[in-house]
Amino acid sequence: MTNDILNIVVFSLLGLGVLFAVIRFIKGPKLSDRVVALDTFNMIVIGVIAVLAAVFQNSLYLDIAMVYAILAFLETVVFARYVEGKNDDNR
Amino acid sequence: MKKLFAFVLTIGLGVLMIFSLRANTLFPEFGDVSIADRISALFLDKSVNGDNGDVVFGQTTDAEDGAANLVTSIVVDYRSFDTLGEVTVLFISSLGVALLLGVAGKQKRLALNFKPNFMLRVGSRALFGIILMTGVYVILHGHLTPGGGFPGGAMIASSILLLYLADDEFRTKVKGFKVLESVAGSLYVIVGLLGLVLATYFLQNFLPTGTVGDLFSAGVLPIVYVLIGLKVGSEISGIIDHFLTEGDLA
Amino acid sequence: MKYLATFLVMFVVYLFLAGFTLDEVILGSIVSAALTLILVKFVDFRIDWKFPWKLVKFVFVYLPLFIWKLIVANFDVARRVLTPKIPLNPGIVKVKTNLKGDFGKLTLANSITLTPGTLSIDVEDDYIYVHTVDVKGQNEEENRKNISEPFEKVLGGIFK
Amino acid sequence: MTIASYVFLIIGGLFFLLGGLGVLRMPDTFNRIQAGTKATTLGAFSTLIGVGLGNLDWAFKIVLIIVFIVISNPIGSSAIAKATYKSKQIPDNLVQDELANRGDAK
């Protein structure tokens, strides 16, 4: 019972974090702001997956969190390369 | 005249087919099929050959293929020939990329606009080991966890992609990839032929299976997944290499 | 020696992922040995006999400092974010480092990113370019004292 | 053990929230990167420790994920920061810019 309430608290905190990151992703005046918001969003999603592992008591979610962390890092690097190639002159 | 003849021939063949199927006692009447006898329900219980018991994780021994992951047992046991075809599709696409973009003679890296900074260059060398090992782990545990040869191979290729992005000068040896890919593909067929020799069918599971959920439990499935993982990883890495290099025209 | 170091790193990563049962140890050692044979050409770090001592020092001296600085940094971020008008005085400064090895510089740069109000942008030769929220020092020496001094002192004994 | 686990989970959630808020409220790109990186690193750290305290069998895998995140997150941030600098999207409130008068600057 108390576990349910605590789970709801944790998930609301994470959900608000995701919401703020998404607002910045939509607003972001420049491309790099959007990339930063996406990076933050990915990290919060890793947290969500880890909490899911604790809620369901299933260690398979940790494998998924590991793979997601790797993909998030690669995504950041690839988008950084994209941002760097996109100068202001040719926009 | 020709069209009329074709029409009559088609109708005749259809009638012939319907009548021959109606005479066949193995083929049930329309609407008379009981779903419980269908083979998909048996697949779900993994008891195609024996009694219709449930499979319990960590207790059942000697299930037909022993994989805890149902999708794995479908993909590389019951429909393994289909998977061989899928791997061939990937092989053909990588061959196409090699034919279109590969140039005979010396090749060099494309000049990119992206100059990696120091932290990325050094840090990716430290992270490369972790990413590669995670890919290997995903492949080796394909019969226990979600994952398997295709995602694991993609993880290995992504570790190579990280090295390409993080270092201007880095190039892998394409020849090694080609050799690995060919060897893995041939070994897959050889495993299938061994199934034909030691058991009954092409690609049949001929190794003993253990308790569902153990590491060494699924007979030939992990071997097949390792081969698929090596093949997929080397193919995608080869494609990445071909996209990021160009022939030295000068 | 190089072979042993690569093998150990690979083996430890595999066991951390898969767990410490007998089956996994057997399979993990086989896989790590195979990967070691492939990767040993690309590896250029080597371990010496002081390595266990350095590891102990890394875990028990560096990590507590790092975690403490991380927590302080987060409260600093919280203070800045939660005040109605965000206090800022940003700038990019360069900081000289005495560390020579690549991994030492990487660890220092990572630590600088995770400490209060700083973000390392690039490392070039002996200089780390750092974006700070609040530029305090007037010259290089003061910046160095503010930003990288505590870590350099600890890391100097661990990395070359 | 459950209580400690939930304490760490809630602290982690608070820092994730702080990270999202920082990315939203900070006025320019570099400061957004700073707030996002620090808060999410500590948030992931704390959340994963909480999950690990809830079930001690997973401790090693969690240590590996924490190591990966603590190494990769600052590297990713610095890559974005460098790319932002190089693509001339520099915020105009910098009081000092020593990266500009470097030898091979741009």
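These numbers come from the heavy atoms of this one structure, side chains and all, not from hydrogens, waters or symmetry mates.
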Applying a strict 4.5 Å limit to non-hydrogen atoms, the region of B:Phe118 in contact with chain D is neither

D:Pro74 versus B:Met119, closest heavy-atom pair with distance = O-CE, 4.1 Å

B:Phe91 atom CZ, over 12 foreign heavy atoms within 6.0 Å = no

Interatomic distance, B:Leu120 atom CG to D:Ile80 atom CD1 [nearest 0.5 angstrom] | 11.0 Å

If you count the non-hydrogen atoms of other residues, nucleotides and ligands that lie under 6.0 Å from OH in D:Tyr6, is the total more than 12?
-> yes

Look at atom CD1 of D:Ile3 and say whether more than 12 heavy atoms of other residues, nucleotides or ligands are closer to it than 6.0 Å.
-> no

